[in-house]
Amino acid sequence: MSMDGVLRLYFGESNLPTPDYIKEAAVRALQDGYTFYTENAGLPSLRRAIAENYQRLQAVELDPASEIVVTASGVQALNLGIRCALDPGDEALALTPAWPNGSSIIMMANATVHQIPHPLCGDRYRVDFDALEAAVTPRTRLLLYTSPSNPLGWVATEEEQQGLLDFARRHGLWLVADEVYDRLYYAGARLGDPVPSILRKATRQDAVMVVHSFSKSYCMTGWRLGWLVARRDLAARATDMNEFIVSHAPTFAQKAGETALAEGEGTLLEMLERLKQNRDLCLRALKRMNGVTVPKPDGAFYLFPRIEGLRDSFAFCRRLLEETQVGLAPGVAFGAGGEGSVRICYAAERSILEPAMARLTKFLNAGG
Ligand SMILES: Cc1ncc(COP(=O)(O)O)c(C=O)c1O
């Protein structure tokens with residue numbers, strides 16, 4: 001990170017700043033006195049706005065008073081949800097390769113995580129239901145998956161979602177769906193359509209939690225604002241527990257979040273157009289490189305090419321960085337199934353992506 005002149009494609013964020021209308025909403029909120037504590041579950045007005053958003057985008061009805069907890073980021077939602085569901089000594093399953101924080105939070109809850117890799121079948125990642133069944137023990141309490149996936153860009157199909165829900169019901173597990181990238185979706189009927197949430201399939205009685213964030217859809221990574229949707233008993237527990245962690249997300253940021261939800265569609269659509277073009281540009285380049293297999297991802301802003309013969313993705317990324325000044329994330333960082341690949345975040349400008357792809361091509365074609 002201290003090297004100069006690096007083409008940085010290793011971060012998991014867009015290089016776009018937060019749009020002005022959101023920043024202005026935060027300034028207005030500060031001036032209007034939103035500088036005091038709020039409820040531990042977040043401002044009722046923001047929870048209502050989140051519920052309206054689910055109604056509008058997903059045709060899902062939620063009770064803002066009892067089924068939504070505003071959190072200080074997606075990672076905090078994950079933390080609250082997991083810690084409320086697991087006791088020390090419990091076991092959890094996590095579909096990987098995945099953003100490593102989920103598995104780490106499970107371990108911080110003094111539980112054990114079993115990582116179940118997504119197999120690559122032809123040009124699509126899938127869910128290995130046989131491996132899931134084989135990994136369940138009497139102590140298994142929870143299954144965590146991410147769709148759209150970081151780092152794969154994989155999006156669970158309707159059948160896969162139903163299969164995961166049935167599996168969780170059959171074994172009495174909490175199903176935790178990390179849906180923070182649901183708006184970054186390129187395979188809907190129209191650009192801007194979200195990935196259908198697991199909440200469309202779940203009932204109010206199901207042990208289901210959805211983790212969400214303002215970070216990715218609204219370029220608000222530094223604001224630390226997200227939410228958890230959960231069955232009301234768990235949402236109540238998460239609300240109580242929040243008191244002892246951060247109490248609540250920053251008040252003026254919550255007000256800005258309301259504005260993001262209400263006015264964000266235009267800028268989101270512009271970003272999606274750009275991301276889709278970036279994805280296609282990188283895919284075209286990767287497909288021409290020696291020994292590279294890369295499924296076309298339907299969501300998020302990552303590509304996860306597998307490189308033939310690659311045994312140490314960390315050493316590969318280090319050499320690539322030192323010799324070409326291109327910064328990628330090593331696949332091994334994303335858990336079981338990640339070694340042998342690298343992660344490219346294509347949410348950068350074309351002026352960064354184009355030379356990065358050219359240098360990677362040269363590096364690989366010269367034998368990597
Ligand atoms: C899959 C996934 N979930 C959750 C998060 C957390 O986002 P934040 O804590 O910024 O809201 C990230 C961030 O990279 C992510 O990739």
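Numbers for residues simply follow the sequence, beginning at 1. Atoms within each ligand, like the ligands themselves, are counted from 1 in listed order.
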Inset, instruction - Heavy-atom cut-off of under 4.0 Å around ligand 1: list whichever protein residues fall inside it, by chain and number. - result: Ser73, Gly74, Val75, Trp99, Thr146, Asn150, Asp178, Val180, Tyr181, Ser213, Ser215, Lys216, Arg224
Inset, instruction - Take Phe316 and Phe363, measure what ring-ring contact (aromatic ring centres under 6.0 Å, His included) needs, and give me the verdict at the end. - result: CA-CA 10 Å; Phe316 175 89; Phe363 186 77; 5.5 Å; yes
Inset, instruction - Could you label the plane-to-plane angle of the His212 and Trp227 rings as parallel, tilted or perpendicular, counting under 30° as parallel and over 60° as perpendicular? - result: parallel
Legend entry - Single-linkage hydrophobic cluster Val60~Val155, side-chain heavy atoms < 4.5 angstrom: no
Inset, instruction - Decide if the gap between the ring center of Tyr181 and the ring center of Tyr302 is smaller than 6.0 angstrom. - result: yes
Legend entry - Sidechain-backbone polar pair: Ser147 side chain, Ser149 backbone, donor-acceptor under 3.5 Å: no
Inset, instruction - Using distance alone, with no hydrogens and no angle criterion, decide if Ser313 and Glu339 have a side-chain donor and acceptor under 3.5 Å apart. - result: yes
